[in-house]
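Heads up, the thing below is written out as structure tokens.
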Amino acid sequence: MIKVILGIETSCDETGAAVLERKNGRIQILSNVVASSAQLQAKYGGIIPEQAAREQLKSIIPVIEESLRLASLAQGSSIELDAIAVTQGPGLIGSLLVGVETAKVLSLVWNKPLIAVNHLIGHFYANWITDHLPGVRAHLEGVIPQFPCIGLLVSGGHTDLVLFQDHGKYEYLGGTRDDAAGECFDKCARLLGLPYPGGPAIAAEAAKLKVKSENLPAGKAGLKVKLPRPMLEKGDFSAKGGPAYGWDFSFSGLKTAVLREVEHLKITQQFSNLTIQQLSYEIQQAIADVLVEKTVKAAQKYKIEQIMVAGGVAANQQLIKDLRFKIKDLRLKTKLHVPPPNLCTDNAAMIAAAAFFQKETANPLNLQANPNLSL
Ligand code: KG4
Ligand code: ZN
């Protein structure tokens with residue numbers, strides 16, 4: 001029985017190592033260390049793959065050592081691992097290779113099983129980590145997702161709607177046809193002259209808008225234009241209960257609309273701190289509107305009373321607030337699961353958590369990093 005797992009995550013610009021323990025059916029964090037090269041990437045306005053890989057190489061051993069040291073401290077004795085879990089993909093090949101090859105060596109040297117985890121699935125399993133939740137022992141059934149469950153993954157590279165029937169058993173409903181939700185935040189932030197990563201920067205600008213945002217109807221941030229809600233507003237939901245556009249998303253049109261508006265504001269000399277805040281509010285709201293509408297609609301259509309969100313964009317408090325509001329407004333019994341913000345963005349704890357529900361890799365030395373791994 002696997003009780004303690006070391007997770008390793010190096011899919012992009014974060015180097016993560018975490019030790020998780022499963023005890024009485026509950027998955028808890030003994031340590032969770034993340035070293036990010038995001039500040040370095042911020043200087044260039046985005047990720048440069050070679051640079052991200054080089055930073056991974058520098059950080060991987062110190063981060064693993066620190067996670068083992070902290071886990072031993074948390075346990076009060078030196079940590080005994082039962083398995084090693086690693087992100088196999090998708091992601092940047094140079095970054096992935098650092099984690100996968102390190103994990104293979106450790107598995108061989110320490111003679112521990114290796115468990116390969118899909119990064120996208122890993123994000124969802126942040127919802128199974130219970131030790132940040134109050135009263136978990138008493139309410140375990142209520143706080144971790146129960147199947148069937150609708151999953152919305154919103155990250156820098158992915159926007160996917162998934163119907164989970166069980167661990168390892170899921171149906172892909174739809175995803176983005178172009179930019180991911182996080183990518184849209186990042187690209188729009190760049191257009192507004194805000195730093196990378198764009199999601200938190202846009203959220204912070206939107207929050208500065210003096211008008212109480214709760215009282216602003218969607219698309220009324222005080223801007224003269226309303227930004228589009230792509231693949232939502234043209235077609236009503238079809239008679240069969242599903243959206244006319246299916247469960248897919250598209251965010252590149254929103255980015256283009258922002259580009260046009262920024263150009264217009266600059267030419268007419270109206271581009272200011274205020275219009276940046278207004279646009280930020282509108283961008284955040286447009287993205288949230290689309291995600292909320294489709295996710296809740298999917299739960300209704302498939303008669304599912306559990307929704308879980310995952311990925312960096314799930315750290316967006318407006319999105320979560322709107323999801324809660326929509327569920328309440330429709331008087332649904334749906335239970336919403338949201339990881340705490342630090343477990344929404346890339347981390348190794350989610351990778352170790354997912355590994356508890358997976359089989360070990362038959363031949364660890366044959367494991368290959370796969371930058372194009374899909375759901
Ligand atoms: O899951 P993640 O850390 O990495 C990927 O697997 O892609 O997601 C990163 C994305 C970035 O696009 C970032 O701008 C976005 O998540 N993000 C947010 C917030 N925090 C991170 N987007 C909106 N609001 C946030 N608070
Ligand atoms: Zn991710």
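All values below were derived from every heavy atom in this structure, side-chain atoms included, with hydrogens, water molecules and symmetry-related copies excluded. Just follow the structure's listing: the first ligand is 1, and inside any ligand the first atom is 1. Along the sequence shown, the residues carry numbers beginning at 1.
- Pocket lining of ligand 1, defined as residues with a non-hydrogen atom under 4.0 Å away: H119, H123, S155, G156, G157, G182, F185, D186, P197, G198, G199, P200, G311, G312, V313, A315, N316, C344, T345, D346.
- In this structure, C12 and I47 have side chains that are in contact, with non-hydrogen atoms separated by less than 4.5 Å.
- Within 6.0 Å of atom CG in N363, more than 12 heavy atoms from other residues, nucleotides or ligands are found, so the atom counts as buried in its surroundings.
- Counting heavy atoms from C-beta on, the side chains of K321 and Q318 come closer than 4.5 Å.
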Given side chain to side chain donor-acceptor pair (under 3.5 Å), test S250 with D178 step by step and report yes or no.
CA-CA 6 Å; S250 161; D178 39 60; 2.7 Å; yes
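- Cation-pi contact between K294 and F249: present, with separation from the ring centre below 6.0 Å and deviation from the ring axis of at most 45°.
- Screening Y125, F356, F124 for a ring pair (Phe, Tyr, Trp, His ring centres under 6.0 Å) with H167, the sole residue that qualifies is Y125.
- Residues S67 and S31 meet the side-chain proximity criterion, which asks for heavy atoms closer than 4.5 Å.
- Side-chain contact between V34 and D346: absent, with no pair of heavy atoms (C-beta onward) separated by less than 4.5 Å.
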Evaluate H337 against W128 for ring pair (Phe, Tyr, Trp, His ring centres under 6.0 Å), listing each step before the verdict.
CA-CA 9 Å; H337 302 273; W128 268 265; 8.0 Å; no
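- Protein N/O/S atoms closer than 2.8 Å to the Zn ion (ligand 2): H119 NE2, H123 NE2, D346 OD1.
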